[in-house]
Amino acid sequence: MTVSSDNPTLNEPFNNAHFESLPHVPCVSLFHRTGRVGCGTWSRNVMTGRLLDWSSVASNTNDNVEGGASVVPPYVAVMDEEYYTDENIANLMLYSQQYAAGEDYGEVDEGGPLRGLLVLASDNNNNVASPEPLAPQGDDTPSSSITIGSSYEWNVNNAGNGLTTTDMYGLPTAYIADANTAAYLKSVASEQGNISGGDDASATVYPSIVSEFNYYMGPGGEVDADNGEAMYNSKKCLEWKDNDGEWSPRCAPLGGNSVWAVAGTPISLGYSNGGEDDANENNGNADNGGENDSSSNKPVILVTASIDSTSMFHDLSPGANNAASNILTLLMAAQLIGSSIKDEALDELYGQIAFAFFQGESYGYIGSRRFLKDVMEGFECSGGNEGVASVYKAKDESGDTTTRACLHPPRADLTFQNLGEVRGMIAVDQVGNLGGTKNLYVQGGEDTDGGNGFASFLSEVMVELSASDDGGYTAQASSVEEDDGTSPLPPTPLSSLVSLSSAAVGGVVLTGYDDAFVANSLYHSHLDSTSKYSTIDKDAIASAATLVARSAVAAAYQNANDEVDSATASAYALDLLPTAVDSSSETFAKLYNCLFEDGNCETFLTYGGVERANDAVKTGIDLGMGVPLGTPPSYYTSIYDSSNGQAFVYASGKYYGSLIGGEKDKDGEVIKNYGDDGKDAFLVRPSLLEMAIFGLLNDFLGRGAIEMNDDGSAPALATCKSSSDCSSVSYCNSESSAVVLPACAGGSCVCGSRSHYHLALDEALSAAANVGTSRFEIQDGEEGISALYTEPYWSSYVGVRIYNDAGNTPGVYASSIGAVFALACIGFVLRLKKTMVKQKVY
């Protein structure tokens, strides 16, 4: 952008320097299972119109347009962000449908005179609404079938207006964040008057400052005449073929990688099927026979949160309260457990604590449903459930210290097969904004598991333990009541667990709200940022982290027969975790900075850099650093491709989304088997956030196996650049070292890698076999209930420009003046010639 943000103006005479690229953030444009949502131009052609204040447009009807004209000069509406609601957008589009667009700024093939929308940053946040509907991921959304209590209006206090579920095809929209530029555009739009038409329209539209949108974001706007459904949806764009019949998808699924890790001695990376060659005898909520030693598949207490957010402008999805707060809470809970309880003590518990950070939850619980389906329902690998070594050259390494993978359907890490039954879940949501109170709430509980008792136990434990909070924060049972015979759950990973288990397994959600989201909490708004309007209570996050850690320990202490009451379990947890998380600690401060202020912080870059080095050493291929969060952070989940988290197979010098060796490719060549080349490996490039969480969990949980020096002091941790530098470490106990090798995390050698990635991809999809990456197929037998969000591939030239259009009048004036001047010159020459002839000099 070359317009000065100090004094932006286009009032100077037209020249190349004033045909400006406007700094902006684009509106979301997505397909889903049954249609599309978001913005975009009608076609690949640019859409151009003069800037007009939206209220002057919306106040007009066909009766008060000049002369009752049916043709109106094209315009781009300009509005402050507080007016960006579904009602106002609907009115703008309705008014536009009343008129035909003039061709004042070029030919118009489709649509009315409304050619775009500029949403301006504003200082007035009093009336800013959440763009999500009143029932987020509920009724009338693509996720309604997988949300528990889909009609419940959690978002009522934020005036949820449903823009995120609105199809605005034909209305390209951009957000202008720079205050000076926004002020200039607003003044221009106000000065340029009202919508107008009639015979003398040219007198009112020139000169004008106009905006030009080049924002093709995929097709839309057409309806199948037979069934009334949208012609374009995720299935159609994923299966798209070009004119030559070649498979050429026009979109990519949303997704990334979830990250999970266990506290205590790491679970084995090797394969154990209990004598069966069926799908995951050792998980799928199978009974572990009551065994309680660290080598068995202990029942799992999942401690979870979502790590993504969204907004109407997905490059601006700060998610301070609904993403960053969640992540910080879980990381500090993991750090508290890892720094306070030795692995031996955790191994003595009946249950096993597993932390899970789920990606893509804002778009149909992508991460949690994929992970839980694989763990609870049993994953079947087409080449045998044992899988293959994720790095082929490491297949003969001693012990079970090599990660296993599945070639088809692809899983870069099969360690989840060794998790035991999922017994219950503790989820976290929006604990950074308590609405000025010190009240936390426990959602779910006994109604989530059919009265089996464990979910109720979790709820009781949380309330019991909150009484020990020194900062005055308390947790109480939510007042949410049944809705249409269903006990509604907030849109969190717990919805996935209850839905997939048919309410046989449940849990609780610790929230910062009671029966509705906190008022003005800016849920899924581009303004949910500490640099804008969000106020985050750091002490509330610290209190929530402490409560989550203690509750997880108490839950794992409960035995097979539920013989431990909540008071006893709470006392046990307090004994193991007497110290609370401190919001003024160095670790808390660093992570707060990374998650709320600077997503490219040194801490994330350090942990991410180590994980990059670890993978490069392991696979022999450096994929580079993952996509950063940005500054300020943005938590949009991203598309799922090889640059953004898709795991893929490198085999015999070629790259595949998934691989079935021995078959022929489209050119008739036989595809080589995995392992025919010693360099074969699985590769994955997670985002920087995912890599940082992976490394932080290794660091926090990997210290529980460190043995003290003979004098009782803690050994100094060896420094490292990658895990290959940690081979000579001697301070890790034998139990940990027998399962996983010491690992480098954040520059220090800790006792084994506890972290694992798990693909976060819609459950209906799988990477196609024996073709490159970014090719996905709808799986046979899929239930047809997932949201199936995809993002269309954008034109490579998208953008918004503004310029001063004087119309044809200056050209006419210039031509006239030129003609007069030419005639004058001719007259002068003729007279001069005549004079020179008379003087005999010619």
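For reference, positions follow the sequence shown, starting with 1. Note: hydrogens, waters and symmetry copies are ignored here, and every other heavy atom, side chains too, is used.
Residues Leu574 and Tyr572 have side chains not in contact (no heavy-atom distance under 4.5 Å, counting atoms from C-beta outward). Considering only heavy atoms from C-beta on, Ile341 comes within 4.5 Å of Val553 through its side chain. Taking 4.5 Å as the limit, every side-chain heavy atom of Ile301 sits out of range of all side-chain heavy atoms of Gln352. Between Asp429 and Tyr513 there is a side-chain heavy-atom pair separated by less than 4.5 Å. The shortest side-chain heavy-atom distance between Lys342 and Met708 falls under the 4.5 Å cut-off. Side-chain contact check for Leu269 versus Thr402: every heavy-atom pair is 4.5 Å or farther apart. The closest side-chain heavy-atom distance from Ser325 to Ile536 is below 4.5 Å. In this structure, Phe694 and Tyr757 have side chains that are in contact, with non-hydrogen atoms separated by less than 4.5 Å.
Inspection of the Thr265 and Asp347 side chains reveals an N or O donor paired with an N or O acceptor under 3.5 Å. Using modelled atom types and a 3.5 Å distance limit, the side chains of Gln417 and Arg404 yield a donor-acceptor pair. Between the side chains of Asp699 and Tyr607, at least one donor-acceptor pair of N or O atoms lies under 3.5 Å. In the model, Thr147 has a side-chain atom that pairs as donor or acceptor with a side-chain atom of Tyr365 under 3.5 Å. Side-chain atoms of Thr403 and Asp413 include no donor-acceptor pair closer than 3.5 Å. In this structure, a donor-acceptor pair under 3.5 Å is absent between the side chains of Asn257 and His758. Remark: the Asn326 side chain and the Thr329 side chain contain no N/O donor-acceptor pair separated by less than 3.5 Å. Side-chain contact annotation: Asn433 with Ser521, donor-acceptor N/O pair under 3.5 Å absent.
By the 4.0 Å N-to-carboxylate-O rule, Arg411 lies close enough to Asp374 to be salt-bridged with it. Under the 4.0 Å criterion applied to side-chain N and carboxylate O atoms, Lys373 and Glu783 are assigned as salt-bridge partners.
Residue Phe457 holds its CZ atom at 8.0 Å from CG of Asp562, rounded to the nearest 0.5 Å. How far CD1 of Ile148 is from OG1 of Thr492: 10.0 Å, rounded to the nearest 0.5 Å. Rounding to the nearest 0.5 angstrom, the gap separating the OG atom in Ser479 from the CG atom in Asp514 is 3.5 Å. Separating the CD1 atom in Ile541 from the CG atom in Leu328 is a distance of 5.0 Å, to the nearest 0.5 Å.
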- Item | Verdict with supporting geometry, Phe371 and Phe358, ring pair (Phe, Tyr, Trp, His ring centres under 6.0 Å) | CA-CA 9 Å; Phe371 178 81; Phe358 290 127; 5.6 Å; yes
- Task: Check the pair Asp343 / Arg754 against salt bridge (charged side-chain N to carboxylate O under 4.0 Å, His left out), numbers first and verdict last.
- Result: CA-CA 12 Å; Asp343 282 1; Arg754 317 298 175 96; 3.1 Å; yes
- Item | Glu464 vs Ser570, side-chain hydrogen bond (donor to acceptor under 3.5 Å, both in side chains): CA-CA, chis, key distance, verdict | CA-CA 7 Å; Glu464 181 95 24; Ser570 297; 5.2 Å; no
- Message: Would Thr474 and Lys438 count as a side chain to side chain contact (heavy atoms under 4.5 Å, CB included) here? Give the steps.
- Response: CA-CA 7 Å; Thr474 62; Lys438 289 192 173 185; 6.0 Å; no
- Item | Test side chain to side chain contact (heavy atoms under 4.5 Å, CB included) applied to Ile693 and Phe357, step by step | CA-CA 8 Å; Ile693 292 173; Phe357 295 73; 3.9 Å; yes
- Message: Could you walk me through whether Glu361 and Arg369 satisfy the salt bridge (charged side-chain N to carboxylate O under 4.0 Å, His left out) test, starting with their C-alpha distance in whole Å, then the side-chain angles of each, then the deciding distance to 0.1 Å, before giving a yes or no?
- Response: CA-CA 9 Å; Glu361 294 298 285; Arg369 285 187 66 88; over 6 Å; no
- Item | Phe355 and Leu701: CA distance, side-chain angles, deciding distance, side chain to side chain contact (heavy atoms under 4.5 Å, CB included) verdict | CA-CA 10 Å; Phe355 291 90; Leu701 300 176; 4.2 Å; yes
- Please lay out, stage by stage, how Asp308 and Thr637 fare under the test side-chain hydrogen bond (donor to acceptor under 3.5 Å, both in side chains). CA-CA 6 Å; Asp308 65 284; Thr637 190; 5.3 Å; no
- Task: With side-chain hydrogen bond (donor to acceptor under 3.5 Å, both in side chains) as the test, would you mind laying out the steps for Ser466 and Asp469 before giving the verdict?
- Result: CA-CA 5 Å; Ser466 74; Asp469 187 276; over 6 Å; no
- Task: Would you sort out whether Glu763 and Arg370 count as a salt bridge (charged side-chain N to carboxylate O under 4.0 Å, His left out), showing the intermediate values?
- Result: CA-CA 6 Å; Glu763 63 201 77; Arg370 175 66 80 168; over 6 Å; no
- Query: What's the verdict on side-chain hydrogen bond (donor to acceptor under 3.5 Å, both in side chains) for Ser786 and Asp762, showing C-alpha distance, side-chain angles and the deciding distance?
  - Reply: CA-CA 7 Å; Ser786 64; Asp762 191 282; 2.6 Å; yes
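Sparse packing is recorded around CG of Asp470, with 12 or fewer heavy atoms of other residues, nucleotides or ligands lying under 6.0 Å away. Residue Asp711 places its CG atom among more than 12 non-hydrogen atoms of other residues, nucleotides or ligands, all under 6.0 Å distant. When the shell of 6.0 Å around CD of Glu563 is examined, it contains more than 12 heavy atoms from other residues, nucleotides or ligands.
Checked against the 6.0 Å centroid threshold, His756 and Phe416 do not count as a close aromatic pair.
In plain terms, the two heavy atoms of Val442 and Ser459 that are nearest each other are CG1-OG, 3.7 Å.
For the pair Lys538 and Tyr592, the distance from NZ or CZ to the six-membered ring centre is under 6.0 Å and the angle to the ring normal is within 45 degrees.
A side-chain contact (heavy atoms from CB on, under 4.5 Å) with Gln443 holds for exactly one of Asp515, Thr448, Val480; it is Val480.
The SG atoms of Cys744 and Cys726 are placed at least 2.5 angstrom from each other.
Checking side-chain atoms of Asn321 against main-chain N and O of Gly432 turns up a donor-acceptor pair under 3.5 Å.
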